[in-house]
*Asks:* 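Before anything else, here's the structure in question.
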Amino acid sequence: MMHAAQILVDILRNAWTAIIGLMVAVAVLAMLYQILKLSVDASLGASMYVAQAVGALIALIIVALYAFLAIPAIVRAVTVSVSISPACGPAAELGQAAAYVMAAIAAVRMAKAAFTAMFSAMSGAGSGMSDAITEAGEAVLGMLLISVAVPVVAAFLGAC
Amino acid sequence: MNKLYFNGSIALYGFLVRSSGWISRPVLMLTAPSTGSCGSSGGDPGIFAPVLDKLLPLARNAWAFGVALLIVIASLGGLFFALKGAAGASVGGSGMTSNAIIGMVAIIIVVLMVFLLLPQLSCMLQSSAPAAPF
C-alpha cells in the first residue's frame, strides 16, 4: 500500500514541478502583455486603461506570490496537523498513506487553481483568485475531515 | 504554433533591422528571462519534462516577439509624442508640448520597466519557485 502511495506521490510531485515551472513562464509573459497594453494606453493617453494595466500587473505578482509562498505553507500545516493514533494498527497505516496522498493531490489542485487564477488575472477577470482560495479551503477541509473520519471508521470496524 | 510565434518574431525582428538597425537579435535574447541564468529551487519535472521542453521554448519565442512588439509600439508612441511636441512648439502651445514631453517620459519608463524590472522579477519568481511540499 505504501509503495503504491509513493508512486502516486512521485507522479504528483512531478506534476507540481511542471505546474510551478509553467506558472513562472506564464507570469512573465502575462506581465509582458500587461506592459505592452500599458505602453499602448500611455501612447494614446488613456489614463484609466494605464491604471487597469498597473492593477493587473500587481494582481499577477500577488497570485504568483500566493502560489509560491502560501500554498506550500498551507500544505505543510495541514499535513502536520493530520495525525492518526498509532494504536489503530493497519487502519492507521492506511490512514497515514491516504492522508499523504491526499495532501499531494490537494497541493496539485491548489497549484492548478492558482495557475487558472493567473490566467484570470492576466485577462482582467476577477473570479479566478476567489476560485483558487475556495479550492484551497476545500482541500484543507477535506484533509481535516479525513483526519477525523479514519479513526472513527477504524473504531467502528473494531480495528482499535 | 511554436513555428508561428518563431516566424512572427523573426519577421518582426527583420522589419526592425531593416527599418532602423538599432536593435539586434542578441538584445532580444539577452532580455529573455528564461535563459537559465537565474537559480531555480524547483525539482525535477520527471514524466512531465517532455511537455515542459515543448512549452518553454514557445514561451521564450513569445517573450522575444513581445519585446520586439513593445519596441515597435514604443517607437511609434515616441514618434507620435515628438510630432505632438513639435506641433505644440510651432504653434506656441506650451500645454501640448509639456503633455508630449510627459508622455514621452512615460513611454521611456515603461520600456525601462520591461528591460530592467521584468527580468529581475522573473529571476525573483524563478528563484522562489518552491519544491513540492509533500
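Naming convention: chains lettered A, B, ... in sequence-line order (proteins, then strands); numbering from 1 in each chain.
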*Asks:* At a 4.5 Å cut-off on heavy atoms, which part of B/I107 comes close to chain A: side chain, backbone, both, or neither?
*Replies:* side chain

*Asks:* Identify the two heavy atoms, one from A/F115 and one from A/M23, that lie closest to each other, and give their separation to 0.1 Å.
*Replies:*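 In terms of heavy atoms, the two residues are closest at N-CE, 3.4 Å.
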
*Asks:* Which heavy atom of A/L38 sits nearest a heavy atom of A/A53, and at what distance?
*Replies:* CB-CB, 4.0 Å

*Asks:* Taking atom CZ of A/R76 and atom CZ of B/F134, what is their separation to the nearest 0.5 Å?
*Replies:*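 One gets 10.5 Å once the value is rounded to the nearest 0.5 Å.
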
*Asks:* Hey, which residues of residues 76-86 of chain B are touching chain A, say heavy atoms under 4.5 Å apart?
*Replies:* B/G77, B/F80, B/F81

*Asks:* Residues of residues 93-104 of chain B under 4.5 Å from chain A (heavy atom pairs)?
*Replies:*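 Result: none.
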
*Asks:* Has B/S122 got a side-chain atom pairing as donor or acceptor with B/L118's backbone, closer than 3.5 angstrom?
*Replies:*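 The answer is no, because no donor-acceptor pair under 3.5 Å joins these two groups.
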
*Asks:* Is it true that a side-chain atom of A/W16 and a backbone atom of B/P130 form a donor plus acceptor pair closer than 3.5 Å?
*Replies:*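 Yes; judged by distance alone, with no hydrogens or angles, the pair exists.
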
*Asks:* Quick one: what part of A/A25 sits under 4.5 Å from any heavy atom of chain B, side chain, backbone, both or neither?
*Replies:* side chain

*Asks:* Report which part of A/I20 has an atom under 4.5 Å of a heavy atom belonging to chain B: side chain, backbone, both, or neither.
*Replies:*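 Interface part for A/I20: side chain.
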
*Asks:* About how many Å separate CG of A/L29 and CZ of B/R60, when rounded to the nearest 0.5 Å?
*Replies:*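 One gets 11.0 Å once the value is rounded to the nearest 0.5 Å.
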
*Asks:* If you define the side chain from C-beta out and look only at heavy atoms, does anything of B/L69 sit under 4.5 Å from A/L36?
*Replies:*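 B/L69 vs A/L36: side chains touch.
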
*Asks:* Kindly write out the residues that satisfy salt bridge (Lys or Arg N to Asp or Glu O under 4.0 Å) with A/R109, not counting sequence neighbours, or none if the list is empty.
*Replies:* A/E135, A/E138

*Asks:* Heavy-atom distance under 4.5 Å to chain B: side chain of A/I74, backbone, both or neither?
*Replies:* neither

*Asks:* Tell me, side chain or backbone of A/A27 under 4.5 Å from chain B's heavy atoms, or both, or neither?
*Replies:* side chain

*Asks:* When rounded to the nearest 0.5 angstrom, what distance separates CG in A/L65 from OG in B/S128?
*Replies:*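 If I round to the nearest 0.5 Å, the distance is 6.5 Å.
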
*Asks:* Which bit of B/L121 is near chain A, if near means a heavy-atom gap under 4.5 Å: side chain, backbone, both or neither?
*Replies:* side chain

*Asks:* Can you tell me if A/Q34 uses its side chain to pair, donor with acceptor, with the backbone of A/V54 under 3.5 Å?
*Replies:*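 Not confirmed, A/Q34 side chain does not pair with A/V54 backbone.
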
*Asks:* Indicate the atoms forming the closest heavy-atom contact of B/L125 with A/A64, along with that distance.
*Replies:*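 Looking at all heavy atoms of both residues, the closest pair is CD2-CB, 3.7 Å.
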
*Asks:* Rounded at 0.5 Å granularity, tell me how far CG in A/L22 sits from CE in A/M118.
*Replies:*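 If we round to the nearest 0.5 Å, A/L22:CG and A/M118:CE are 11.0 Å apart.
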
*Asks:* Please state whether the side chain, the backbone, both or neither of A/Y33 comes within less than 4.5 Å of a heavy atom of chain B.
*Replies:*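 Contact with chain B is absent: no heavy atom of A/Y33 under 4.5 Å.
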
*Asks:* Between B/V51, B/V111, B/L70, who has the most heavy-atom pairs with chain A when the cutoff is under 4.5 Å?
*Replies:*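 Most heavy-atom pairs under 4.5 Å with chain A: B/L70.
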
*Asks:* Is chain A contacted by the side chain of B/L52, its backbone, both, or neither, given a heavy-atom distance below 4.5 Å?
*Replies:* side chain

*Asks:* If the contact rule is any heavy atom under 4.5 Å from chain B, which residues of residues 8-15 of chain A qualify, in numerical order?
*Replies:*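 Within residues 8-15 of chain A, near chain B: A/V9, A/I11, A/L12, A/R13, A/N14, A/A15.
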
*Asks:* Determine the minimum heavy-atom distance between A/L60 and A/M31, stating which atoms define it.
*Replies:* CD1-N, 3.8 Å

*Asks:* How many angstroms lie between atom CD1 of B/I109 and atom CG of B/L116, to the nearest 0.5 angstrom?
*Replies:* 12.0 Å

